[in-house]
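All remarks here apply to the structure that follows.
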Amino acid sequence: ERAIRTYKNHFIAGLCSVDKDFPLHLWDRFLPQSELTLNLLQGSRLNPKLSTWAQIHGQFDFNATPLAPLGISVLAHTKPTKRDS
């Protein structure tokens with residue numbers, strides 16, 4: 001079916017863009033965000049002006065839940081007073 005092929009392509013594209021040091025055995029952690037991003041991109045069949053996510057759950061608040069690319073490497077800053085060195 002077309003929907004399954006679209007989801008698989010979206011998910012595989014996300015896996016292909018992860019950091020080279022990312023442990024691939026954690027692939028299942030990507031499923032919720034992959035589903036969310038696909039539903040945000042896909043238009044609703046009932047109201048083409050809305051995304052599928054907005055049709056089901058209401059407008060998505062990007063300020064409350066910021067999205068980042070899956071599997072990226074993050075550099076975290078620790079204040080000098082809280083680190084050992």
Side-chain angles (χ1 to χ4, degrees):
E1 184 176 318
R2 180 70 185 152
I4 294 170
R5 185 173 29 160
T6 301
Y7 183 79
K8 283 173 62 175
N9 289 339
H10 181 71
F11 187 74
I12 291 171
L15 283 179
C16 290
S17 66
V18 299
D19 187 67
K20 63 180 176 69
D21 296 326
F22 181 80
L24 284 179
H25 69 276
L26 298 175
W27 66 268
D28 59 323
R29 305 284 175 104
F30 289 169
L31 293 173
Q33 184 169 340
S34 180
E35 181 181 349
L36 169 67
T37 55
L38 188 60
N39 285 334
L40 286 172
L41 293 170
Q42 182 180 358
S44 170
R45 291 183 185 177
L46 300 175
N47 184 353
K49 294 182 179 182
L50 295 176
S51 68
T52 303
W53 180 268
Q55 183 71 39
I56 297 170
H57 302 286
Q59 195 64 26
F60 184 78
D61 186 6
F62 287 94
N63 292 323
T65 310
L67 297 175
L70 297 172
I72 62 169
S73 181
V74 175
L75 178 64
H77 175 72
T78 306
K79 294 185 181 202
T81 57
K82 297 201 176 200
R83 64 178 178 225
D84 295 333
S85 60

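These numbers were taken from a predicted model, which means no experiment stands behind them. The figures that follow rest on heavy atoms only: side chains count, while hydrogens, waters and symmetry mates do not. Heads up: numbering here begins at 1 and tracks the sequence.
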(request) Find out whether I56 and N39 are in side-chain contact, i.e. whether some heavy atom of one side chain is under 4.5 Å from a heavy atom of the other. (result)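 They are not in side-chain contact.
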
(request) Could you tell me whether the side chain of F11 reaches within less than 4.5 Å of the side chain of T37, counting heavy atoms only? (result) no

Pairwise distance [atom1]([X]) to [atom2]([Y]) - rounded to 0.5 angstrom:
{"X": "Q59", "Y": "S51", "atom1": "CD", "atom2": "OG", "answer": "6.5 Å"}
{"X": "S73", "Y": "F22", "atom1": "OG", "atom2": "CZ", "answer": "11.5 Å"}
{"X": "S17", "Y": "I12", "atom1": "OG", "atom2": "CD1", "answer": "12.0 Å"}
{"X": "L70", "Y": "L31", "atom1": "CG", "atom2": "CG", "answer": "10.0 Å"}
{"X": "L15", "Y": "W27", "atom1": "CG", "atom2": "CH2", "answer": "8.5 Å"}
{"X": "L41", "Y": "T52", "atom1": "CG", "atom2": "OG1", "answer": "9.5 Å"}

(message) Applying a strict under-4.5 Å side-chain criterion to I, L, V, M, F, W and Y, I'd like to know whether I4 and L38 cluster together.
(response) no

(request) Decide whether L36 and V18 are clustered together by the hydrophobic rule: side chain heavy atoms of Ile, Leu, Val, Met, Phe, Trp, Tyr closer than 4.5 Å, transitively. (result)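 Unlinked, L36 and V18 end up in two clusters.
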
(request) Go through the structure and list residues passing ring pair (Phe, Tyr, Trp, His ring centres under 6.0 Å) with H10, not counting sequence neighbours. (result)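 Ring pair (Phe, Tyr, Trp, His ring centres under 6.0 Å) list for H10, sorted by chain: empty.
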
(request) Spell out, as yes or no, whether a donor-acceptor pair under 3.5 Å connects the side chain of Q33 to the backbone of A68. (result)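 It does hold such a pair.
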
(request) For P66, check side-chain contact (heavy atoms from CB on, under 4.5 Å) against everything at least two apart and list the hits. (result) none

(message) Please give the remaining members of the hydrophobic cluster of L46, linking ILVMFWY side chains under 4.5 Å, ordered by chain and number.
(response) none

(message) Parallel, tilted or perpendicular: which one describes the rings of W53 and F60, with boundaries at 30° and 60°?
(response) perpendicular

